[in-house]
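For reference, the structure is listed below as structure tokens.
Proteins get letters first, then strands, A, B, ... in listed order; numbering begins at 1 in each.
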Number of protein chains: 2
Amino acid sequence: MPNPLVHKLECYVRLSDADRMCLADAVSPGRLVAARTDIIHEGDDPRAVNVILDGWACRYRQFANGRRQIVALLLPGDLCDPHVFLLDAMDHTIGAITPVLLGQITGARMQAMTARSPDLDLALHREALATAAMQREWTVSLGSRTGIERLAHLFCELHARLAAIGLTDGNTCPMPITQNDLGDAMGQTSVHINRTLQELRGLGLITLRSRRLTIHDPVALARLAHFDAAYLHLTAGSGATLAQRA
Amino acid sequence: MPNPLVHKLECYVRLSDADRMCLADAVSPGRLVAARTDIIHEGDDPRAVNVILDGWACRYRQFANGRRQIVALLLPGDLCDPHVFLLDAMDHTIGAITPVLLGQITGARMQAMTARSPDLDLALHREALATAAMQREWTVSLGSRTGIERLAHLFCELHARLAAIGLTDGNTCPMPITQNDLGDAMGQTSVHINRTLQELRGLGLITLRSRRLTIHDPVALARLAHFDAAYLHLTAGSGATLAQRA
DNA sequence: CGAACCATTGATATCATTCAAGGGCTGTGG
DNA sequence: CCACAGCCCTTGAATGATATCAATGGTTCG
């Protein structure tokens, strides 16, 4: 299995063979987390970084009244812990949506890598910035997009992200997420998600069946969603390295 | 004028006198930006960091149809540029809400500071993590809170952040933002913001007048908003330093 | 071959937007 | 100091979007 983290970082910076191997090498195979359970890591090396190698997860906040808000979806190649160890308390939870295979990069390995390769350092920095940009875009979606636009936007984003890690098959990609989860992510009820999905299907834009999504008209879907992939910053090689800019 | 950045970072890590002076020294007085104009910095030292020294600003996305979504409010002591220089394109705009006084820390100064003081390094890291947590909390607000809860939550957050930089006077703090801006931030129309404000006033929770906010019953307001200040991570000194954890 | 979860549907209630208009505050120039 | 313009706040009525409640089929997996 090609390492999805390597695949993704190459979308930020063109990497040398040595960098690729170094990175793949640094990721030690981790544990398997069952679907619908939380990903916790007390007692782990606090400087270590967890990577999703397979499966989908999410960051979420649970309210006392039972409502749940998913604030981010984590796909293969995504990093889990936002350096939590620097803070006193975790302000949200990470949960597995499907069964999730986790990998780990130890703190020492991480430091050695970024110290030795400016390109890897840059790639990891860009990854963090892209993650922040994604979080802003979710804020925009929830604040400014209508139900159908929101859902369309999510599908555009997920397809683009999955393409970046080689998990798409043309216009088709996995979508192993229930309408309930979609509702928790979009700030809507599953009932309304269901009706919105029917609307998208009725417009001939998508097919969503058996946990797979097909986008029949990417251009029309993107236009409907006001989707502009720029915020994902998945454009390898076009920027200067840290060293060059310094 | 005490430096608001120093004031804020001290909420993340207890700083030595030397660190305080070093930091205050590093911030060179910058330019004044008029209210309602964009804060741009092409041609600036790309490794430099802009700090808001006075006034309020916001990050926002403008849509073709005229709708605007504010994704973050920037107060004195907040850092403007999310290392934009590492990316190819800015995915949002920063605009001044009031007249804004900007300061600048050059890239070299920044590197020297973090290299010399582990505490300052940790403080800046925590600042970044707190910013990310805040962005997630905005996502939660827009996705899961009702209109009145959202507004109540915003007021709780802003009062806490302003308190962290010494700009509150008991339960009163500045609130130099129009109902239109509030609408753009909360994903609602100014008309609805107006009605929600009246509801909050009617409940005896707040007074908002002449650009000043008074919270009459902080506990009740926080309960209504489901506000838990933990995500702001404004708890100095209780964590270990980077070095100690390594 | 159930049991549990997931998707779908209809009717109704609630929340928020839109459109339109009027009133109040504030700063500025005469 | 007054008059005016421009922005900001406020209000009402009608419309639209989404939630809620309740019930039924369908799918999957043990």
Side chains of [X] and [Y]: does their closest heavy-atom pair fall under 4.5 Å?
| X | Y | value |
| --- | --- | --- |
| I215(B) | L205(B) | no |
| L5(A) | L79(A) | yes |
| L154(B) | M186(B) | yes |

With sugar-phosphate taken as primed atoms, P, OP1 and OP2 and all else as base, the protein-contact string of nucleotides 17-30 of chain D at under 4.0 Å (heavy atoms; B, S, -) is -SSBB---------

Output yes when at least one side-chain N/O atom of [X] is less than 4.0 Å from OP1 or OP2 of [N], else no.
| X | N | result |
| --- | --- | --- |
| Q198(B) | dC9(D) | no |
| N194(B) | dT10(D) | yes |
| R211(B) | dT26(C) | no |
| Q179(A) | dT8(C) | yes |
| R209(A) | dC6(C) | no |

Quick one: do K8(B) and D78(B) make a salt bridge, cutoff under 4.0 Å? yes

How long is the span from the [atom1] atom in [X] to the [atom2] atom in [Y], to the nearest 0.5 Å?
| X | Y | atom1 | atom2 | result |
| --- | --- | --- | --- | --- |
| T139(B) | R59(A) | OG1 | CZ | 11.5 Å |
| L234(B) | Y12(B) | CG | OH | 5.0 Å |
| T189(B) | R195(B) | OG1 | CZ | 8.0 Å |

Taking the inter-plane angle between the rings of F63(A) and H226(B) on a 0 to 90° scale, is it parallel (under 30°), tilted (30 to 60°) or perpendicular (over 60°)? perpendicular

Exam field: side chain E157(B) to backbone L232(B), donor-acceptor pair closer than 3.5 Å: no

Secondary-structure stems for DNA chain D, with pairs counted as Watson-Crick or G-U when both distances are under 3.5 Å and runs at least 3 long: C:1-21 with D:10-30, C:24-30 with D:1-7

Can you measure [X] atom [atom1] to [N] atom [atom2] for me and round it to whole angstrom units?
| X | N | atom1 | atom2 | result |
| --- | --- | --- | --- | --- |
| I97(B) | dC8(D) | CD1 | P | 12 Å |
| D181(B) | dC7(D) | CG | P | 14 Å |
| E199(B) | dT11(D) | CD | P | 13 Å |
| N180(A) | dT8(C) | CG | P | 13 Å |
| I177(B) | dC9(D) | CD1 | P | 10 Å |
| E149(B) | dC15(C) | CD | P | 11 Å |

